[in-house]
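The structure under discussion appears below in the form of structure tokens.
Just so we're clear, the structure is a prediction, and the values are computed from it rather than from any experiment.
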Amino acid sequence: MVETSAAPALAAPEWAGRERAHAARADALTAGRRERRSRGTIDPIEDFLFEYYPIRPGALRRWHPGAGTALAAPDADDADGDGAQGAGDLSDDTTDGATDLRARLAERATWRWYRDDDGRVGLDAAAFLAERGPGVRWMHALLSRTAERPAQLGCLGLHEWAMVYRQDAHRHPLPLRLGQEGTDAVVDAHPVRCSHHDAFRFFTPPARPLNRLQPAREDQLELDQPGCLHVNMDLAKVAWKLGPACPGELLLDCFELARDIRLLDMRASPYDVTGLGHSPVAIETAAGRAEYVAAQRAFAERSDPLRRRLVAVTTALVGVAGDGDPAAPG
């Protein structure tokens, strides 16, 4: 575990530039959500991410350097400029930039789980683990085990179909592309192979016995696998739960992945998403099944480096061997 005083420190121009770039990227990723909320409307595809996890746009734009990295105050030799342009001289912008950066650094030192060690501000790992240790160890075990499993690509996204199977009330305010009878027929004609407990718990009562597994929360460490769309979407939840221990860039990478997976999830669902401007992935056809599996494989490959980056974060936090049982439930 790296304490703030021993952690490598980012120079003020570098961290200011990363902070600014992060806020701009977060604003772009949440622009649609914020605009819809101002009008009182909802997008059942994208807004799911903010309601299910839940991730707040305002908090998403707050950048953290992550565990093991501190932020340095502007050097005495730096001009009193902004530095938020990137890793250049602090005199690149306004005349009160360095003063502003010192004020921002002082404010950050007051944030939850942060500390100031002689002008170097970063995560207080001990304080963070005092509150979040069991959860961090559990996430470490989940991420590590999932990363070492082969991707299983045979589910065809039928979890969304099983959530509306033989039931008139549906989760989303969208029509069924094939109608209720046609939707039920697709479920009846294909094996249901969902291994993700958080999807399975929304199956309708008649759909539950059709699933080859009956996954529960306590089975997650043994069942999560990197081909599952929801497992890969959940990387955003893990990054969010790691809070200031997760570098801001990694959080947004995971969020962007979840957003893209969510779109495939709904395009391959029984819902008609054409009214939202999206074409369906018709998994009831051979072409649709091939399209789904190809996209699922691509997301599994895209998720792998993100999962391993998160494992690096949890490893740095708990030290695994020296900080209790990494498989402890959280």
> Out of curiosity, S269 OG to L174 CG, how far, rounded to the nearest 0.5 Å?
Replying inline: 7.5 Å
> Got a salt bridge between R108 and D116, using NZ or NE/NH1/NH2 to carboxylate O under 4.0 Å?
Replying inline: no
> Okay, side chain of E160, backbone of A199: is any donor-acceptor separation there less than 3.5 Å?
Replying inline: no
>> Treating R308 as the side-chain partner and A147 as the backbone partner, does any N or O pair qualify as donor plus acceptor under 3.5 Å?
In response: yes
> Does the side chain of H159 come under 3.5 Å of the side chain of H196 through a donor N or O and an acceptor N or O?
Replying inline: no
> Salt bridge between D265 and R267, side-chain N to carboxylate O under 4.0 Å?
Replying inline: no
> Do R307 and N232 get their side chains close enough for a donor-acceptor pair, meaning under 3.5 Å?
Replying inline: yes
>> What's the separation between atom CZ in R259 and atom CG in L49, rounded to the nearest 0.5 Å?
In response: 9.0 Å
> Should the heavy atoms of other residues, nucleotides or ligands under 6.0 Å from CZ of R37 be counted, would the total exceed 12?
Replying inline: no
> Hey, are Y52 and D47 close enough side-chain-wise for a donor-acceptor pair under 3.5 Å?
Replying inline: no
>> Under a plain distance cut-off of 3.5 Å, with no hydrogens placed, do T204 and R166 share a side-chain donor-acceptor pair?
In response: no
> Are there more than 12 heavy atoms of other residues, nucleotides or ligands under 6.0 Å from atom CD of E35?
Replying inline: yes
> Is the CZ atom of R56 crowded by more than 12 outside heavy atoms at less than 6.0 Å?
Replying inline: no
> Between F255 and F50, is the gap from one ring center to the other below 6.0 Å?
Replying inline: yes
>> Under a plain distance cut-off of 3.5 Å, with no hydrogens placed, do Y271 and H170 share a side-chain donor-acceptor pair?
In response: no
>> Which residue in the set R33, R34, R36 passes salt bridge (Lys or Arg N to Asp or Glu O under 4.0 Å) when paired with E46?
In response: R36
